[in-house]
Amino acid sequence: VARVIDVVRRHASVRAYAGPVEERDLADILEAARRAPTAWNLQPFYVSVVRDGEAKARVAEAVGGQRHVAEAPVFLAFNVDLEKILEAARLAGVEPANPGLGGMVQALVDVGIASGWAALAAEDLGYGVAFIALYGNPCGVQDALGLPRQLVPVVGLAIGKPAETPEPRPRQPPGSLYGEGPIPPARERARGVLEVYGVKARRLFNVVLAPGGYMEKVGSAFRECWEKAGYRV
Ligand SMILES: Cc1cc2nc3c(=O)[nH]c(=O)nc-3n(C[C@H](O)[C@H](O)[C@H](O)COP(=O)(O)O)c2cc1C
């Protein structure tokens, strides 16, 4: 009997796909997202299933021209859907406040867990998956998929039969990631981070963390799209 931990140990993102996703497997993958736990059991997300070639190509463009998005047989976009929750509140006779930062934090955690469950289900069924950042251009992805402004794309999953079997990629040593009792100094925890990237660390941090880098761009793009949805930050 295959165990979840075996799937986890084998995981490596797959960005080249050989074949389609069976209908019943797709149903199981989506069921994994549906069964995932969420804060207050609110399930504040809506997953867009994308198989149409042109739609996938538009999403691929919106996320910076990632070919594997266009090439994946199935692409799942995990969107925050607080609109249905607020509407449900009104139907139940409660005029809801703006969900604001609290709603954002909870919904993002929920989407992260649900997409993670879907990814594990897909890998357990023999598929290769790659998470795709949608939070860097959420409104662009909305346009690519014809989504309403109220549904904010966060993360995607490209799924297909693997056409490559990459080795599991490096991870930080346990001491940088967890522990009981006193927290090791940042210097020590940082060493484990640097181990993962080796000589590429400086270049990567320049792209991601330096002023004007990716992290700042995500912040402004997500804030803008979140506010266009009518939510405060
Ligand atoms: C939230 C999130 C966003 C990601 N965005 C992308 C992406 O846009 N494109 C991509 O090719 N991989 C993306 N990845 C995959 C990571 O690059 C990958 O998981 C990481 O490098 C570790 O490699 P591994 O999954 O093979 O172990 C993303 C992963 C996560 C969790």
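The figures that follow rest on heavy atoms only: side chains count, while hydrogens, waters and symmetry mates do not. For ligands, and for the atoms within them, numbers begin at 1 and follow the listed sequence.
- Ranking the protein heavy atoms by distance from atom 18 (C) of ligand 1 puts Ser13 OG, 3.7 Å first.
- Ranking protein heavy atoms by distance to atom 23 (O) of ligand 1, first place goes to Arg169 CD, 3.7 Å.
- At the top of the distance list for atom 1 (C) of ligand 1, counting protein heavy atoms only, stands Tyr135 OH, 3.6 Å.
- Nearest approach of Ala2 to Asp124, heavy atoms of both residues: CB-OD1, 4.3 Å.
- Shown in contact with Ala12 at under 4.0 Å from a heavy atom are these atoms of ligand 1, numbered in order with element: 26 (O).
- Glu95 has a carboxylate O that lies under 4.0 Å from a charged side-chain N of Arg90, or vice versa, which qualifies the two as a salt bridge.
- Proximity of atom 29 (C) of ligand 1 to the protein is indicated by at least one non-hydrogen atom lying closer than 4.0 angstrom.
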Intermediate values then yes/no, ring-ring contact (aromatic ring centres under 6.0 Å, His included), Phe205 and Tyr197: CA-CA 10 Å; Phe205 294 147; Tyr197 299 110; 5.7 Å; yes
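- Gln172 has its side chain out of reach of Glu195: every pair of non-hydrogen atoms, C-beta onward, lies at least 4.5 Å apart.
- Electrostatic pairing of Arg149 and Asp143 counts as a salt bridge here, judged by a charged N lying under 4.0 Å from a carboxylate O.
- At the shortest separation from atom 9 (N) of ligand 1 among protein heavy atoms lies Gln66 OE1, 2.6 Å.
- Among protein heavy atoms, atom 15 (C) of ligand 1 sits closest to Arg15 NH2, 3.5 Å.
- Residues Glu87 and Lys84 are not paired through a salt bridge, judged by the lack of any N-O separation under 4.0 Å between the basic side chain and the carboxylate.
- For the ligand labelled ligand 1, residue Val63 lies outside the 4.0 Å heavy-atom shell.
- Of the heavy atoms in Arg171, only side-chain atoms (C-beta onward) come closer than 4.0 Å to ligand 1.
- Not one N or O of Val155 is nearer than 3.5 Å to an N or O of ligand 1, by distance alone.
- The nearest protein heavy atom to atom 21 (O) of ligand 1 is not closer than 4.0 Å.
- By the criterion of a heavy-atom distance under 4.0 Å, neither the backbone nor the side chain of Ala130 is placed next to ligand 1.
- The shortest contact between atom 4 (C) of ligand 1 and any protein heavy atom is with Phe131 O, 3.6 Å.
- A salt bridge does not link Glu61 with Arg58: every distance from a Lys NZ or Arg NE/NH1/NH2 to an Asp or Glu carboxylate oxygen is 4.0 Å or more.
- No part of Phe78 comes within 4.0 Å of ligand 1, judged by heavy-atom distances.
- Ala133 N, 3.1 Å is the protein heavy atom nearest to atom 5 (N) of ligand 1.
- Side chains of Val74 and Leu26 form a contact here, defined as non-hydrogen atoms less than 4.5 Å apart.
- Between Tyr127 and Tyr17, a ring centre-to-centre spacing not shorter than 6.0 Å is recorded.
- By the 4.5 Å heavy-atom criterion applied to side chains, Pro153 and Phe78 are not counted as neighbours.
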